[in-house]
Amino acid sequence: MSRILATAVCEFRIALRNRWVSIATGMMVLFALVLAAAGSAPTGEVGVDRLSVTVASLTSLAVYLVPLLALLMSFDAVAGEVERGTLPLLLTYPVSRLQILLGKLLAHLAILGLAATLGYGAAALVAVWTDPAAVEGLGALWRLIWSSVVLGATFLGAGYALSALARRPSSAAGLAIALWLAAVVLYDLALLALIVTDGGGAFTTQALPVALLANPADAFRVFNLSAAQAVAAAGGIGGAAEAIPLWQSAASLLVWPLAAVALAVAAFRRVTP
């Protein structure tokens, strides 16, 4: 454990030097404040507190921003070491490849956790300042924070795997952006197209819930919307949260990081210095 922590501290210092901490935190705070100011208008209509509706808006932000930040931090985790020639030296230390990846993961999760806490916390302060009754939504906010970190772990693991497979930062960056587009943007567009084509048929009623749980970003969205009881504040695919039991979306959300990290470890073991 001490070796993992030592690796994590080293990676966190590198992230500080490369301004990743300030970049991630700044982006989260900026976009969260914008959504807090403009995204809680329907409070009275849906019958929930202001902060819970703000959390519904922040969930949509997190679906796009958290995976992007995670992939940008992780795409050169292995490929960068290979290109700089530091991987052979790193592997001579009494640290296993699993410990190296877990150390990197711990440091990057700390950055994401800090950014999410400060960003969402700023939005919560705005919501509570404008409506003291919004404190009822603090549970939903806490749920959003830790689930954002879990979502980030999934895409960090995927980024490490792509980094190990690509061996070059430029190739890994391209693969990371392609993964983000496919999982976060194109996947939902394809589902919406199928819903429109299906016209309320078997796909919409039976296959759609399974398709949502098969994507970590959608599982995250469904989990937070249904847990916060703010489904009415969301449109499109988010409305399908009513048809999916909470435990199923939570299970999907928690299984994805394990699978992604396992894939990253398997890919890293195949990298030769």
Side-chain angles (χ1 to χ4, degrees), residues 24 27-28 31-32 35 39 51-74 105 108-109 111-117 119-121 123-124 137 139-159 161 176 179-192 208-261 263-264:
M27 291 178 66
M28 276 291 189
F31 286 108
L35 287 179
L51 183 53
S52 292
V53 178
T54 300
V55 166
S57 298
L58 292 175
T59 298
S60 298
L61 167 68
V63 165
Y64 292 95
L65 193 55
V66 170
L68 180 61
L69 288 174
L71 289 170
L72 288 177
M73 286 192 290
S74 61
L105 178 66
H108 292 152
L109 286 179
I111 297 171
L112 285 176
L114 178 63
T117 300
Y120 303 157
L141 181 71
W142 163 243
R143 190 182 302 110
L144 178 63
I145 292 174
W146 70 256
S147 61
S148 293
V149 175
V150 173
L151 177 65
T154 298
F155 283 90
L156 285 171
L179 174 62
W180 181 81
L181 286 172
V184 178
V185 180
L186 299 181
Y187 190 89
D188 281 356
L189 290 177
L191 289 184
L192 287 172
L208 179 60
V210 177
L212 291 175
L213 295 179
N215 185 330
D218 285 324
F220 164 83
R221 191 204 315 264
V222 170
F223 171 74
N224 280 283
L225 292 179
S226 58
Q229 297 180 345
V231 177
I237 291 177
E242 294 178 319
I244 300 176
L246 183 62
W247 72 267
Q248 291 184 3
S249 57
S252 177
L253 183 64
L254 294 174
V255 166
W256 272 108
L258 300 178
V261 172
L263 179 62

Item checked: Heavy-atom side-chain contact between V66 and M28 under 4.5 Å -> yes
Item checked: Gap separating the CG atom of N224 from the CG atom of L246, nearest 0.5 angstrom -> 9.5 Å
Check: Hey, does F220 have a side-chain heavy atom less than 4.5 Å from the side chain of L144?
Finding: yes
Notebook entry, point to check: So V185 and W180, side chain to side chain contact (heavy atoms under 4.5 Å, CB included) or not? Walk me through it.
Noted result: CA-CA 7 Å; V185 180; W180 181 81; 4.1 Å; yes
Next item on the list: Write down the atom of L112, the atom of G152, and the distance for their closest heavy-atom approach.
Entry: CD1-CA, 3.7 Å
Tell me which donor-acceptor pairs under 3.5 Å the side chains of residues 67-74 have, and how far apart each pair is, sequence neighbours excluded?
{"from": "S74", "atom 1": "OG", "to": "A70", "atom 2": "O", "distance (Å)": "2.8"}

Next item on the list: State, yes or no, whether a side-chain contact exists between D218 and L191 at a heavy-atom distance under 4.5 Å.
Entry: yes
Check: Measuring from T59:OG1 to R143:CZ, what's the distance to the nearest 0.5 Å?
Finding: 10.0 Å
Check: Has W142 got more than 12 heavy atoms of other residues, nucleotides or ligands less than 6.0 Å from its CH2?
Finding: no
Check: Rounded to the nearest 0.5 Å, how far does CG of L254 lie from OG of S147?
Finding: 9.5 Å
Next item on the list: Look at the side chain of Y120 and the backbone N and O of V55, then say whether any donor-acceptor pair between them is shorter than 3.5 Å.
Entry: no
Next item on the list: Mind listing the closest non-hydrogen atom pair of D188 and V184 along with its distance?
Entry: OD2-O, 4.0 Å
Check: Between the main-chain N or O of G113 and the side-chain N or O of T117, is there a donor-acceptor pair closer than 3.5 Å?
Finding: yes
Check: P257 and A153: which non-hydrogen atoms are nearest, and at how many Å?
Finding: CB-CB, 3.9 Å
Next item on the list: With sequence neighbours left out, write down each residue that passes side chain to side chain donor-acceptor pair (under 3.5 Å) with S249, or none if nothing qualifies.
Entry: none
Note to self: Ignoring hydrogens, what is the shortest heavy-atom contact between S252 and A219? Give both atom names and the distance.
What the structure shows: OG-CB, 3.5 Å
Check: In Å, rounded to the nearest 0.5 Å, how long is the span from CD1 of I244 to CG of L208?
Finding: 7.0 Å
Next item on the list: Output the distance between atom CG (L253) and atom CG (L213), rounded to the nearest 0.5 Å.
Entry: 10.5 Å
Notebook entry, point to check: Do F155 and P216 come within less than 4.5 Å of each other through their side chains, counting heavy atoms only?
Noted result: yes
Check: Which atom pair, heavy atoms only, marks the closest approach of I145 to A116?
Finding: CG1-O, 4.4 Å
Next item on the list: Calculate, to the nearest 0.5 Å, the distance between atoms CG and CG belonging to L58 and L141 respectively.
Entry: 7.5 Å
Next item on the list: Mind listing the closest non-hydrogen atom pair of G119 and A32 along with its distance?
Entry: O-CB, 3.2 Å
Margin query: Just to verify, what does A260 make a side-chain contact (heavy atoms from CB on, under 4.5 Å) with, not counting sequence neighbours?
Written below: T154
